[in-house]
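Below: the structure, in structure tokens.
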Amino acid sequence: MHFGIISFPGSNCDRDCLHVVHDVMGHSGRLVWHEETDLSAFDALILPGGFAHGDYLRTGAIARFSPVMDAIGAFAGLGHPVIGICNGFQILCEAGLLPGALRRNANQHFICNTRAHVRVENNHNRFMQRLNVGDVLTLPIRHGEGSYYCDQSTLASLEANRQILLRYSDATGNISTDANVNGSIGSIAGIMSEGGNVFGLMPHPEAASETLLGSTDGLLIFQSMVEPFAFGRARTRDSGLLGVRDG
Amino acid sequence: MNELQTIEKQKNTPAVSDEMLQKALALGMTEDEYRRVLDILGREPSATELAMYSVEWSEHCGYPRSRSLLKLLPKEGHYASVAGADTGGIEIEPGLFIVFKMESHNHPSQVEPKQGAATGIGGIVRDIFTVGARPIANLNSLRFGNIDDPEHGQLARYLFAGVVEGISWYGNSIGVPTVAGEVGFNPSFRGNCLVGAMSVGVVDKDSIASGAASGPGNAVMYFGNATGRDGIGGCSILASHEMTDLAARPTVQVGDPFAEKCLIEACLEALKTGAIVSMKDMGAAGLTCTTCEQAAAGDVGMDIDLDQVPLREAGMEAFEIMMSESQERMLAVVEAGREAEVAAIFRRWGAHARVLGRVRADGILRVSHGGEVVAEMTASSLADAPLYHLPAEEPAYLQELHNFDFKTIAVPANASEVLLRLLAAPNIASKEWVYRQYDHSVQVNTALIPGDGDAAVLRIRESKSGKGIAVKSDCNSRYCYLDPFEGARLAIAECARNLICVGGEPAGVTDCLCFGNPEKPDRFWQFKRAIEGIVEACQYFKMPVVSGNVSLYNETPESVIHPSPLIGMVGVLENVEQHTGMGFQTAGDLIVLAGQTHDELGGSEYMATIHGLEVGRPPHLDLKRELAVQKFVLAAIRSGLVKSAHDCSDGGLAVALAESSIVGGIGAKVELPDTVEAQANIRLDSLLFGETQSRVVLSCSPENWPRLQEIAHAAHVPVSFLGSVGGDRLVVQDIRAQVLRPLVDVPLAQATSAYRDSIRNLMEQ
């Protein structure tokens, strides 16, 4: 699979993602400068973490106007997979490719936690097919504006369409106010588009893809992406955890 | 009258006019320095020239008061090294260098903590990529007044919160992980906080960039942000005098991390073209420093046209442009004919790129502005700052402190309570509130994260043999106050021991020497003795001091800082997979002490926190014993025998055991004392909380204990069996007592809460 990894000025996980795609997984990929407009060579896109354009004004607010964004919209429109990680998630929301927005963390501080926990809510999609519903992943979070927010009707449709893929939880999969590290609505850590091919998440799967770094849970997400996906084929295991809401 | 006319008119009249002298003094120069300028020029200086000499000869840039001692620092060790003007490094495998440097940003941080600390990060990171290295890690050594002080705590908390926020904001944005460091609190830092920022980079030997200009006719190019009126006189007026006036706020620079991140990428890309002859970052003394030092290093001169400098505001005068410390700017010499190629790279990254002038063969630095020459002198006359030999005298306070009689201190009845108080003491308590705000895993190389071990461990992806590095910064300022020579030796030893405990072999040192006013003989004595201590310890451990920085005048009329030779150190792991944390792992594992406990309470955190006293001598350091312990621990880790390793430092053995339990999330039960000698001679509080050096708490599985003893025996290192890992309490028994009641018996949850919540509770009260 050939990955395009978008480099905005100020992106700083672009090389990290390329390392995982290339050195860890053995797939091909290259960095795509934010002024490029032809993405036809790629099978999948990654919008990496960082501070695109310094995140001045508001996270992702300037990046959404980068020339590459129209091409990303078109790429997603064709049904190709696009994953936005951290700043990439923020940009996808700003660009309207995913609903909602990311606000300042509830504690007003940047939070770095290499061992944050998220629970898999839906594995019937091309980003989670290697995982089971109810699995608890250990993934790093590193953000100042990671508190997901959307209005109630959007939240209802995210729930109804099973677009919520990851929620913050404790190590055993319980979802609670304490485990909701940044105060996200519905403890949401990651959502996909209605079409199922655009995925945004605040945790950093690329930083949890090697045993040396303490977790390989993130690798399962990338591995899911490179597998062919057909609705109805994916393994499902309804652990009964679906439907549990913030306690 | 313009400045050129001034120059012409005054030629050959080097009399001291009172008006010019007053200007010189206002810029922070001494009268002697002003006379020296007259001698050099043979005429009165222009305003621009005076400004240039004042910043370049300041202690912060030219090291006139410290240079003679800095020469003593060793430059060679068991790893090959380079020591450059901006930074230096060690060769971890053939052709691959790790470069690193620590630098202070104390005075600006005291005045404006967020921007002061942020621009400190920016400056040190630029020192790393200036030599062509990609920055891979940052560390910080911080000092503040006591944050729990009822009277002064509010200011200390404001500075602490601001500095951490500045480091978090700037460091996270530029995508360099902040992986390790240390924070200390002491009333002596009330009026002068310390911010020692360290950065580490990796570079191929062939790609190391030069800081020496060459090639007459080559272009002198300016890259990065525009120049504004911020930071004017920051190095001379703010950093090279005692702090008396917070109205100095306008001299603090303002940071732009996004510009820095783009500058990193643009510089590394531009250096790859081979068109860059030399490069230097505009930090202290801005354009003045980068022009004269690059020219002087290459024995050439430069023509500089200030009209080409991108400005943030109109109407800036020449002296302001030459003195400005605006951030995120570089000055480089570029091969003639390749200016456009290089400029295109910087412009793509959104940075200014302008040709300011050309390299001259004759050593003259000529600066023009508005078509007039505003400064003309030899570059070397600026770069060769005056050299002073200052008197040193042992401070009067020391004798009395050394003679303190510890028999007057009663042994506390409840050791469990003392332990809990020590675990919550800000100097010992977990710094989680700090490092949770720092991105410590971007670049996906951090194998051992803050809080898990005595140092951070990073993978070096460029290594062909799977090597890693361990990094740490350290210094016990109280030890240095009580004995700067011993304190400096201890800082080197403890930092090295920290690297050893995670599996790294100590390889090289950077120092950030923070002291009071050197013009006072007792302060200069502290400085001199500390350098002598660093020299002795580094020579013994065969480590070079590859880079460093000096920050003097850290005092106010009300307080002077404890002398603080902040030490940064890099060690090498032959195999990065083989690193060790500090937390106990498995129930049933044995707990072992390498080294021996002596009756030493001087300078301890226990004496300061529990008894409110900073007295006695710091613990003694036997370099031979220290090296033996370090070699043993490293051999044990490399043999795969050790499950955890943690050195005994602040708070002594009891705190070290508690920390290993807390981090591992599992209890422990041990019996003390560790040796027969100690049984007969040692005070209970020394045994638990004394800070005897050269001790490491290890844990291993029972089947490896015989092998561990063999290695220790061969290394002539005493090891004692203390007890075992397990349960949910920390229990310490005294084997001398014929009673069953333990010395210490604390539920792990209570110890954990004391240790982990203390700083957060103080900061978010």
Side-chain angles (χ1 to χ4, degrees), chain A residues 7-20 22-24 31 33-35 48-57 59 62-63 85-87 105 107-116 139-144 171 181 203-215 218, chain B residues 134-135 161 164-165 167-179 255-266 348-351 432-452 457-459 461 466 468 575-579 581 760 763-764:
Chain A
S7 287
F8 298 91
S11 292
N12 54 32
C13 301
D14 43 354
R15 297 166 75 249
D16 301 359
C17 291
L18 185 61
H19 164 70
V20 170
H22 189 266
D23 304 340
V24 178
L31 302 186
W33 186 239
H34 74 119
E35 290 172 335
F51 294 75
H53 299 278
D55 274 347
Y56 293 155
L57 192 60
T59 55
I62 303 173
I85 301 165
C86 196
N87 193 221
N105 293 343
N107 75 355
Q108 300 299 314
H109 291 302
F110 185 97
I111 301 172
C112 178
N113 181 358
T114 319
R115 297 180 192 118
L139 298 176
I141 56 162
R142 311 189 307 241
H143 56 247
V181 281
H204 287 267
E206 83 283 5
S209 292
E210 296 166 274
T211 44
L212 182 71
L213 306 180
S215 169
Chain B
R134 178 168 283 278
V164 170
E165 190 191 348
I167 293 169
S168 165
W169 169 63
Y170 201 101
N172 297 348
S173 296
I174 61 173
V176 179
T178 301
V179 299
D256 177 355
F258 173 57
E260 176 97 346
K261 167 66 179 163
C262 292
L263 201 54
I264 294 174
E265 301 302 333
R348 189 160 66 81
W349 285 98
E432 200 172 298
W433 183 83
V434 178
Y435 63 69
R436 282 275 192 245
Q437 297 186 50
Y438 301 158
D439 185 335
H440 44 251
S441 69
V442 64
Q443 298 195 16
V444 293
N445 290 319
T446 316
L448 195 59
I449 60 172
D452 280 9
V457 172
L458 297 164
R459 158 176 63 185
R461 287 217 293 267
N575 173 4
V576 69
E577 311 265 351
Q578 216 162 45
H579 59 263
R760 189 178 61 231
M763 295 306 291
E764 294 178 359

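A note on names: the letters A, B, ... follow the listed sequences, proteins ahead of strands, and every chain is numbered from 1. These numbers come from a predicted model, not from an experiment.
Asn12(A) contributes a side-chain N or O that, together with a main-chain N or O of Ser173(B), makes up a donor-acceptor pair within less than 3.5 Å.
The choice from Arg436(B), Glu165(B), His579(B), Glu260(B) that makes the most heavy-atom pairs within less than 4.5 Å of chain A is Arg436(B). Ranked by heavy-atom pairs under 4.5 Å with chain A, the first of Val164(B), Thr446(B), Asp256(B) is Asp256(B). No other option in Arg461(B), Glu265(B), Glu764(B), Lys261(B) has as many heavy-atom pairs under 4.5 Å with chain A as Arg461(B).
Separating the CG atom in Leu213(A) from the CD1 atom in Ile449(B) is a distance of 10.5 Å, to the nearest 0.5 Å. Here CG of Leu212(A) is found 10.0 Å from CG of Leu458(B). Values are rounded to the nearest 0.5 Å. Rounding to the nearest 0.5 Å gives a distance of 12.5 Å between CG of Asp439(B) and CD1 of Ile111(A). Atom CD of residue Gln437(B) and atom CG of residue Asn105(A) lie 10.5 Å apart, to the nearest 0.5 angstrom.
Both the backbone and the side chain of Val576(B) come within less than 4.5 Å of a heavy atom of chain A. Looking at Thr211(A), there are no atoms closer than 4.5 Å to chain B (heavy atoms on both sides), in backbone or side chain. Only the backbone of Ile174(B) comes within less than 4.5 Å of a heavy atom in chain A; its side chain stays farther off. Of the atoms belonging to His204(A), not a single heavy atom falls under 4.5 Å from chain B.
What you find for Tyr56(A) and Pro257(B) is that their closest heavy atoms are OH-CD, 3.4 Å. The heavy-atom pair separating Asn172(B) from Phe51(A) by the smallest distance is O-CE1, 3.2 Å.
In this structure, the side chains of His440(B) and Thr114(A) come closer than 4.5 Å at one or more pairs of heavy atoms.
No more than 12 heavy atoms of other residues, nucleotides or ligands lie within 6.0 Å of NE2 in His22(A), so this atom counts as exposed by the packing criterion.
Phe258(B) and His53(A) have tilted rings, their planes meeting at an angle from 30° to 60° on a 0 to 90° scale.
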